[in-house]
Amino acid sequence: MSFGDTIQRKLQDGSAAKFLRSPWTYRFFSPLLLRESLNTRLSFQIARDAYLGRKPVAFTSLFFPAELVYALGMTPFPLESIAGATSSLGMSVSFLQKAEEQWYSPDLCSFHRVGLGMALNGLLPKPTAVLSLSALCDGSHRCFANIAQFFGVPHFLIDVPQHRSLESLAYVEEQIRRIRSELEILLQRRVQTADWQLVFARSREMTDAWSGIVELQVRIPSAVPGDGVMSNVSTLYSFAGNPWGGRIFRQWKQRLEGEVPKAEKYRLFWLHLFPFYRNDIYDFLESKGVSLVGDEMTSNPFPPLDPAQPESSLAAKIYANSGIGGLEIRLQHILEKVRERKAQGVIHWSHRGCRQATGGAYLLKEKLRQAGIPTLILDGDCIDPREYASEQLRTRIEGFLELL
Amino acid sequence: MTHIVCGLDIGSLAAKGVLLRDGQFLAAKMLLTGADAPKSISILYADLLREVGLKETDIATVVATGYGRVSVPFADKTITEITCHARGITHFLPQTHTLIDLGGQDSKAIRIDPGGKVVDFVMNDKCAAGTGRFLEVMAHGLNFSLDELGEAARRAKNIVQISATCTVFAESEVIGMIARGTPRDEIARGVMTGIAQRVVAMAARMGIEGPVAMSGGVAKNLGMVEALERELGIKVTLPPEPQMIGAWGAALMAQT
Ligand code: SF4
């Protein structure tokens, strides 16, 4: 039985907290892992370091610069990505219910509700600090502040002004510098230039390897399966600086290159996030000859990171995200990627509870229409499978393909 | 040699079928879908063929549409109701630019270009508010038949506001109003207006361009059509058999 299957079983029978905190778990599974994918091995390593307290743990929000966490010798524990993993294991509903029982509104983004539910169920490791960004959404830092309070640990927030300017960049840079020095005091460890060099080199290695996948996506029809297109946002952001990142994408690319390309009738670009639980969207798209040629979140640029100016590099990386700074920036990014990847249309997954992405969805659709790009807006939830209506989605997707 | 085709529209409440011979109308039938959709489909198809004395082998192509389209084992092709409704309405009302289709379990607005091609569409979220099902529940709460509900709404001099969107809550709101002595006609008008407002708000997200036509079972309810016209501020045109438009569209698609 694999590590993932065992966690799933333990979550079901209520013994997951004990299982994750037992050194025997990691001793037993370590030798078996050689047969598993690099992604599973990465998750295993993070779980081991976090639950056994081998390294100080930082709960992070998705776009918090993970390079800072790695440079400080901490293990990032990205709560929104963990919520996604929980959902893909079919276990999100019990955490959502737990959060709701404790008065968290069902209107709150389910990524955060799962994090809160896991904390309330005693399933999270003890963090040393909670690190979050006020982007992309401001629901995130409120939720992270709450979790920090729950564990009685400090919360460090990088406030990211939506207005893009040199002042905003300097303001973010200054906050990163301050958080770095406060964490250095807390951890009693100074980040040296060599740490930045190592972590930035790993981050660059990973984004370079990722570019190889993107190149494949553009060049070969259906080179990357639909669910594959979607599952990389957390690796790219939450684990930037991890030694395994580059290997994960290079190995994947090698595998994809060996596969026979499928027939392609439509090329579509995906906007916002995607459902993590088991669903039939990707199979359905594939059966209709749809290639997903990329998605909004993983197609942001990754600017160079300079070890001599780490804070300003990370500030620039944060602002390279097209989700910051108004709908026109998001629109420009989408237009550019749709054209670059020769997509015929876009699908916008409107995640319930996400004001940030869904608030502007129809305005975005109208602007894309003016640019000659048809858009389908699908309403659903990324984490909560109870919000998924397969037949309804199929009709909408099929109708959209017919109009293409 | 004659070319006979069939269009089947399997909706949540009713299954509809249309036969065309060389592009000309041959026969049409409708049946309640019931709990056993495959059985209703077989009965509908057999009835259609029997009516005009044909055998299955006489039919060149069958196109199925609607939510139950995948449950038609003998269909040569399935096409969504979005495309079929657009095709059907363009046959009867070729000027249509916006089609509002109110069916049993969903409502949709479709923008159509002058050639009858779908340009865009929006559908209701997975909620019955604004659909035929909502009307049925409200009619039940008011102790009206569906036809009576429409007539009552047309008769009403005043209107009351139904604020709940949820079908269940709206029904209790209606029952509460009856208990307080609010005239049933006014409540009926409030119900229709509420649906019309929701449908217009949904269609506006896609952009409404006249001429506007309406299809689907709910279009047979004149009180509802008038409510939509009031909210849209323009006239809504109706095809001869609004409920059959999807099946017509499927049959027309089967010809090509
Ligand atoms: S999905 Fe939206 S609300 Fe949820 S964390 Fe992401 S940006 Fe925030």
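Note that the structure is predicted; figures quoted are calculated from it, not measured. Labels below follow one simple rule: chain letters A, B, ... track the order of the sequence lines, proteins then strands, and each chain is numbered from 1.
- Between chain A and the options B:Ile110, B:Val70, B:Val118, heavy-atom pairs under 4.5 Å are most frequent for B:Val118.
- The 12-atom threshold is exceeded at NZ of B:Lys117, counting heavy atoms of other residues, nucleotides or ligands nearer than 6.0 Å.
- Within 6.0 Å of CD in B:Glu229 there are more than 12 heavy atoms belonging to other residues, nucleotides or ligands.
- With a threshold of 4.5 angstrom between heavy atoms, B:Val122 approaches chain A through side-chain atoms but not through N, CA, C or O.
- Residue A:Arg164 places its CZ atom among more than 12 non-hydrogen atoms of other residues, nucleotides or ligands, all under 6.0 Å distant.
- With a 4.5 angstrom heavy-atom cutoff, A:Leu363 does not touch chain B via any of its atoms.
- Checked by atom type, the side-chain pair B:Thr83/A:Glu402 shows a donor-acceptor distance below 3.5 Å.
- Minimum heavy-atom separation, A:Lys365 to B:Phe121: NZ-O, 3.8 Å.
- Within 6.0 Å of atom CD in B:Gln95, 12 or fewer heavy atoms from other residues, nucleotides or ligands are found, so the atom counts as exposed in its surroundings.
- Taken to the nearest 0.5 Å, the CG atom of A:Leu403 stands 11.0 Å off from the CZ atom of B:Arg111.
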Practice task
For A:Thr395 and B:Arg69, run side chain to side chain contact (heavy atoms under 4.5 Å, CB included): C-alpha distance rounded to whole Å, both residues' side-chain angles, the deciding distance at 0.1 Å, then the answer.
Solution key: CA-CA 10 Å; A:Thr395 297; B:Arg69 63 189 178 280; 3.5 Å; yes

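- One finds the CG atom of A:Leu378 at 11.0 Å from the CE atom of B:Met123 (value rounded to the nearest 0.5 Å).
- With rounding to the nearest 0.5 Å, the separation of OG1 in B:Thr65 from CD in A:Glu398 is 9.0 Å.
- Rounded to the nearest 0.5 Å, atoms CG (B:Asp106) and CD (A:Glu391) are 12.0 Å apart.
- Rounding to the nearest 0.5 Å gives a distance of 12.5 Å between CD1 of A:Ile377 and CE of B:Met206.
- The shortest heavy-atom contact between A:Arg396 and B:Tyr67 is NH1-OH, 3.8 Å.
- Counting heavy-atom neighbours within 6.0 Å of B:Gln24 CD, excluding the residue itself, gives a total of 12 or less.
- Residue A:Leu401 holds its CG atom at 10.0 Å from CD1 of B:Ile82, rounded to the nearest 0.5 Å.
- A:Lys337 NZ: more than 12 foreign heavy atoms inside a 6.0 Å radius.
- Residue B:His140 qualifies as open at atom NE2: its count of foreign heavy atoms under 6.0 Å is 12 or below.
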